[in-house]
Number of protein chains: 2
Amino acid sequence: MTDPSLGVLLFLPYRHMEQRILDAVVAAGYPVTLAQARVFQRVDADGSRLTELAASAQVTKQTAGFLVDQLEAGGYVERVPDPSDARARLIRITDRGHQAVAIARVMQDRIETEWREHLGDRELERLRSILLRLRGITDPWE
Amino acid sequence: MTDPSLGVLLFLPYRHMEQRILDAVVAAGYPVTLAQARVFQRVDADGSRLTELAASAQVTKQTAGFLVDQLEAGGYVERVPDPSDARARLIRITDRGHQAVAIARVMQDRIETEWREHLGDRELERLRSILLRLRGITDPWE
DNA sequence: CCAAACAAGTCAGAGAATCTGACTAAAGTG
DNA sequence: CACTTTAGTCAGATTCTCTGACTTGTTTGG
């Protein structure tokens, strides 16, 4: 096969991690879909606005709203008034949501450990540092 | 904001590249959707089987078939009998498909150049090499 | 060589995700 | 205060994706 493009090379580990974390969370009794998880993981600890989530997950506001509705119905997040803007509401993670996050974090750490064992400490940190720099020119939401 | 996870850090450049290439291809007069493109980019120069495409793009055979139908209708690929297996057909890129690929390749090269200018030669090559190693433990289709 | 297991792909149908366009209400701006 | 922008919702259509069942051809163990 031809050497895979950088795009594909980025996709593979991204998708691998995403899927394993999702599987772990679902298996632990927190049913969530992939699309919901992609929004959920972007909810800030202090709460996020819908518009922020949409921009960060790179979907429209409508899509983000649709998914937040479901996360709310599942008890993972709640919407509270935003004190600083009467139009907006803050989406915050509930207790149940935090439980799901904890499961996700465990699996995320496990995967990072696997990667560290495969690549070595130095290379994993290099990867992170390069990706952080790359973020400067590839993140539309900076 | 908290430091983004490795997952998000991988997602950002992946998605950035994907979107810009797609935009360029569409703007050049080759209408394709994102989902179609994700399958199309995996079609091998010598032709691919549906099952391969499905595994590589990480969707079901049915989804891959659905998307290949559309790529075929758009004139980007064709299905020819697979000489080595009467059940299978090879999906091959047509002339029109190759034209679209050429557009994509130009944009891909441009983006890689931007990344190279931002990161430096050495770091970009490091990124590629690390991702290639990471592929060993994250690619379900190896 | 043949029966059983397996693999490639399709068909049907349902559900999930996503978008565009139009809208309301609140904030910011000159 | 009018005007523009921003946050979010409503409605509707389209696209994507999956599960389950099936057909046809291939491989394999006895």
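Residue numbers start from 1 in every chain, and the chains themselves are labelled A, B, ... in the order their sequence lines are given, proteins ahead of strands.
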(request) Assign B:D85 to base, sugar-phosphate, or nothing according to its heavy-atom contacts below 4.0 angstrom with the strands shown. (result) sugar-phosphate
(message) Is it the case that C:dA7 (base atoms only) and B:R87 (side chain only) share a donor and an acceptor within less than 3.5 Å, ignoring hydrogens and angles?
(response)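 Pair found.
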Measure from [atom1] on [X] to [atom2] on [N] and round the result to the nearest Å.
X	N	atom1	atom2	answer
A:R38	C:dT18	CZ	C1'	12 Å
B:K61	C:dC6	NZ	C1'	11 Å
A:L34	C:dA17	CG	C1'	11 Å
B:E52	C:dA7	CD	P	15 Å
B:L67	D:dT14	CG	C1'	14 Å
B:Q58	D:dC16	CD	P	18 Å
A:D69	D:dA11	CG	P	13 Å
B:L53	D:dT17	CG	P	14 Å

(request) Take atom CZ of B:R110 as the centre, draw a 6.0 Å sphere, and report whether it contains more than 12 heavy atoms from other residues, nucleotides or ligands. (result) no
Please tell me which of the listed nucleotides, [options], lies nearest to the side chain of [X]?
X	options	result
A:A86	C:dA27, D:dC16, C:dA17	C:dA27
B:R49	C:dA17, C:dA26, C:dG9	C:dG9
B:A88	D:dG8, C:dA17, C:dA8	C:dA8

Answer yes or no: does a side-chain N or O of [X] lie under 4.0 Å from OP1 or OP2 of [N]?
X	N	answer
B:R79	C:dG9	no
A:T63	C:dC19	yes
B:R89	C:dT10	yes
B:T60	D:dT17	no
A:T51	D:dT6	no

(request) Taking the side chain as every heavy atom from C-beta outward, state whether A:L12 and B:Q58 have any pair of such atoms under 4.5 Å apart. (result) yes
(request) Could you tell me whether the side chains of A:Q19 and A:D23 share a donor-acceptor contact shorter than 3.5 Å? (result)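 A:D23 and A:Q19 do have a side-chain donor-acceptor pair below 3.5 Å.
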(message) Which is more 5' along DNA chain C, the nucleotide nearest A:F66 or the one nearest B:Q62? Just name the residue.
(response)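 The residue closer to the strand's 5' end, by nearest nucleotide, is B:Q62.
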(request) Could you check A:Q70 against A:S84 and say which one's nearest nucleotide on DNA chain C is further toward the 5' end? (result) A:Q70
(request) Pick out which of A:R89, A:R49, A:R92 makes a salt bridge (charged side-chain N to carboxylate O under 4.0 Å, His left out) with A:D82. (result)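 In the set A:R89, A:R49, A:R92, the residue that makes a salt bridge (charged side-chain N to carboxylate O under 4.0 Å, His left out) with A:D82 is A:R49.
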(request) Mind checking the CD-OG1 spacing from B:Q70 to B:T33? Nearest 0.5 Å is all I need. (result) 6.0 Å
